[in-house]
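Since we're looking at a predicted model, the values are computed, not measured. Note that the numbering runs from 1 along the sequence shown for the chain. Below, each value reflects all heavy atoms present in this structure, side chains not excepted, and no hydrogens, waters or symmetry copies.
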Amino acid sequence: MSDEVARRRAVSSWVLLGAGVPVAVFVAAAEATIATAAYVAGVLVAVVAAVVGIRGNLPRGHRRPWLLILAALVVSLVGESTRLLLRLVEPLTHTPLAMLPTVVMLPSYLLIGAGVLDLLRRSRATDDDPARVDTVLIFVGSALLVWSLWIEPWIVGPDPRWQSLLAALMPLIAALLFAFAMPMLLLGRTGEPALWFFVTSGVALLGANTLLATRGWFAPSPGSLPLHAVGGAMLIAYIGIAACVLHPTVIVLGQPVQGRSRLLHKGRTAMISATLCVPTILSVAAPPAGRTFSLVRATLALTLIGLVVARVVRANNSRARAEQEARWRAQHDSLTRLPNREKLAATVTRWAARADEQSRVSVLLLDLDRFKLINDHWGHETGDELLRAVAARITTATRTDDLVCRVGGDEFAVALTAPADEPVAEQLAERLRAVLAEPLPLTVGAVDITASIGIAHADDGSTAVELLRDADTAMYRAKASGRNGCTVFDPRLREQLQRRFTIERAFRGALDQGQLAVHYQPLVHLATERVDGFEALMRWTHPELGAVSPVEFIPVAEDTDMIVTAGAWLLEEAAAQAQAWRAANPGRGPLHVSVNLAVRQLREPGLAECVGEVLTRTGLPPEGLWLEVTESGFMEDPETCLRTLHDLESLGVTLCLDDFGTGYSSLSYLQRLPVAIVKIDRAFVAGVGEGGPNESIVRAVLAMSHALGNRVVAEGVETATQRDWLRSNGCDFGQGWLYGKPLPAAAQTAAFTQLASTG
């Protein structure tokens, strides 16, 4: 439904109610025949409006209660149409048909009651919702009131005809409906216009039937208050129902109200208190006329007491269930329904306390590899589905006595006890790796996932916190070693982890404190021995840690996303320096600078725009910038990386595939990547020219790359023998200590000048 349609229907509902009030006043004041005709016309309009509202505002599964109420309006329309016919055809007023309009009203009330009951059933939040007990409580109190003030006077009165009894029963039915409607109001949804339309209808219905039953109280004869005066109030009730259904907020009346119905708000408390006062007030203001009447009143009063007791019992049971559920939630994960970290810690503590020399407690901590990529690509719903599937796989692979827990976003733990001299935990870890290696069937298709597993065994005096910490340390080591592995905790791992934390903490302020520098290593054209460009390498010197190896701080920067800021700084510095070299050596031909891009940078939105802005600020032409990406990094998120690489290629920069041959599917992915340069990893260059086993591999890479139109850079060239072999086999560029180690820009300028003079 569009906003405009909803607005029109909302306005129409108010217009309908506003127009219905003067029509109802006219019905109450006009001559009987004209009033009946106006009443029939008003009810007909209400029926049409209700049909429009039901079809336009309510989905099929939400229409039943309103169709029942609509049927009540139709039945009332038939009854009043019959009344109009009887007034127009005088002879019919002396036949049994004269009672038909009054008889028809009873099924209309029953239909309304069924519809309201259905609404209340749909709106209750839980099966133990006390609103149902409150509804019955209010109804019994209303029934006691009606019995004492209307039914008893009819029985002992001078004219106990069945017509009078029917008139006395009408307020009872209306009181029932009003009692059903009140809990809806007390649920706390007082801000919805449709609810107020509905309550207005209930109040008008109660008022109409109260007038019908008590019209003899206001004048010497019952005819002093004509029936069509009651019809005016009835018309407001029916138009109120139609306005309720026509308003777009009607849908909320059939929706559960979570958590509100259990609270005793002021309105509900006042209604229940008033109901409980009814027996006492009636015993004083209108005492029963005989023993039989006293027995009926006593029965209704005892029913009230029983309902109060039932409500107290239900409330206590509900509170107990809520406390039990709260305790369960405190120790379990709501997504997988596995125990959580708190339950794991408590269980490990209990097991460790009763362990002996022959047994030991072990904890396996599993972290899913690259789970964030799956979440980002498929969405959180698929991620949740994957977590549930992994939880089921782990549970099926463990023993009955083992405790499987979810302890974090994509972290699971298994606690177990086993003989101290048996590798039960290690065997379980391998079994879990095998189980998780099988593709997981999800709604998006089969998904592959692996896990890094850390194992920690409890020593004498080990606490649950220490055991979990050690398992986490071992798991991190397994992940750092290439993922999809398993590591058993060793005390030396804690020292390595502490070193990593120290580096991470220190690196956060490295850029702002001027601790980062750029070193440049020359890249030489092998055929001419001329310097073609430089690779820019980040270096870090800390005042306390000293010179920290890139092997240590680069992975930390990539894992913590600090590589994005540091990489942007490196790109800006390198581009500015390259442009300075080009300007200072115009006769040497164009120089380029090569900068590595981390996977995290490739996934950063707007990377191509940032690179373009750097080129604009520094004045470096696009062909003067080479950007290197690793094959393994591309494999982590190929679709996102591929889009980014095409955006970078459109800028005119040169793309390089770094560390070629160390990834997963180099040959299959090389054709997909828009790269112009392939860099052979130093591990393959070692030993070439001496008949080593890598020569055939390097020849194949050279042939394949050249066939695809790519140039090749050999990394790690350290000897003249390697250089000569590479040159003779058609390698385009060489890079390594044979041509110089990485140096700061000032030192590299001098070395570059020397190389230029010899070139």
Side-chain angles (χ1 to χ4, degrees), residues 510-512 514-525 528 530-540 557 562-598 600-602 604-629 643-658 674-677 679 710-711 713 732-733 735 739-740 742-757 759:
L511 181 59
D512 294 336
Q515 299 171 7
L516 298 183
V518 184
H519 287 196
Y520 299 88
Q521 185 175 32
L523 185 148
V524 176
H525 188 263
T528 63
R530 294 181 59 179
V531 176
D532 192 81
F534 297 90
E535 180 176 2
L537 301 168
M538 190 182 302
R539 294 294 184 261
W540 176 32
M562 290 186 289
I563 194 65
V564 175
T565 304
W569 170 84
L570 175 66
L571 178 63
E572 185 95 24
E573 291 288 314
Q577 183 59 55
Q579 180 58 19
W581 277 330
R582 290 166 69 99
N585 299 274
R588 282 291 303 151
L591 289 172
H592 77 270
V593 66
S594 181
V595 180
N596 283 278
L597 289 179
R600 180 62 183 83
Q601 290 177 275
L602 286 175
E604 186 73 11
L607 175 62
E609 289 79 0
C610 293
V611 172
E613 293 172 1
V614 168
L615 294 175
T616 301
R617 285 194 299 269
T618 61
L620 181 68
E623 63 271 15
L625 178 62
W626 289 13
L627 296 175
E628 300 183 16
V629 296
R643 287 194 299 269
T644 303
L645 292 178
H646 281 294
D647 292 339
L648 292 171
E649 182 192 29
S650 65
L651 294 176
V653 302
T654 301
L655 298 177
C656 311
L657 186 59
D658 195 15
V675 297
I677 304 292
K679 300 188 74 172
N710 298 321
R711 292 178 291 173
V713 176
D732 301 282
F733 303 98
Q735 178 182 350
Y739 299 106
L743 296 173
Q748 197 57 264
T749 299
F752 167 58
T753 303
Q754 182 180 358
L755 281 172
S757 63

Heavy-atom check, side chain of [X] versus side chain of [Y], under 4.5 Å:
{"X": "Gln601", "Y": "Thr644", "value": "no"}
{"X": "Glu535", "Y": "Asn596", "value": "yes"}
{"X": "Leu651", "Y": "Leu625", "value": "no"}
{"X": "Tyr739", "Y": "Leu523", "value": "no"}

For the [atom1] atom of [X] and the [atom2] atom of [Y], what is their distance to the nearest 0.5 Å?
{"X": "Glu628", "Y": "Asp658", "atom1": "CD", "atom2": "CG", "value": "4.5 Å"}
{"X": "Leu657", "Y": "Ile677", "atom1": "CG", "atom2": "CD1", "value": "11.0 Å"}
{"X": "Ser594", "Y": "Leu627", "atom1": "OG", "atom2": "CG", "value": "7.5 Å"}
{"X": "Asp532", "Y": "Leu591", "atom1": "CG", "atom2": "CG", "value": "7.5 Å"}
{"X": "Glu604", "Y": "Ile563", "atom1": "CD", "atom2": "CD1", "value": "12.0 Å"}
{"X": "Glu623", "Y": "Leu615", "atom1": "CD", "atom2": "CG", "value": "9.5 Å"}

Considering non-hydrogen atoms only, spot the tightest contact between [X] and [Y] and give its length.
{"X": "Leu620", "Y": "Val593", "result": "CD2-CG1, 4.2 Å"}
{"X": "Val653", "Y": "Val611", "result": "CG1-CG1, 4.5 Å"}
{"X": "Ala747", "Y": "Leu743", "result": "CB-CB, 4.0 Å"}
{"X": "Leu655", "Y": "Pro674", "result": "CD1-O, 3.4 Å"}
{"X": "Pro744", "Y": "His519", "result": "CG-NE2, 3.5 Å"}
{"X": "Ala536", "Y": "Tyr520", "result": "CB-CE2, 3.9 Å"}

Short side-chain to backbone donor-acceptor contact, Thr565 and Met562, under 3.5 Å
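A pair under 3.5 Å: no.
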Could you tell me whether a side-chain N or O of Gln521 sits under 3.5 Å from a main-chain N or O of Gly740, the two making a donor and an acceptor?
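Side chain of Gln521 to backbone of Gly740, a donor-acceptor pair under 3.5 Å: yes, one is there.
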Got a list of side-chain donor-acceptor pairs under 3.5 Å for residues 572-580, not counting sequence neighbours?
unit_1	atom_1	unit_2	atom_2	d
Glu572	OE1	Arg617	NH2	2.7
Glu572	OE2	Arg617	NE	3.1

Only counting residues at least two apart or in another chain, list the ones meeting side chain to side chain contact (heavy atoms under 4.5 Å, CB included) with Pro590.
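Pro590 satisfies side chain to side chain contact (heavy atoms under 4.5 Å, CB included) with Arg582 only.
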Could I get the full list of ring pair (Phe, Tyr, Trp, His ring centres under 6.0 Å) partners for His525, not counting sequence neighbours?
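Expected list: Phe733.
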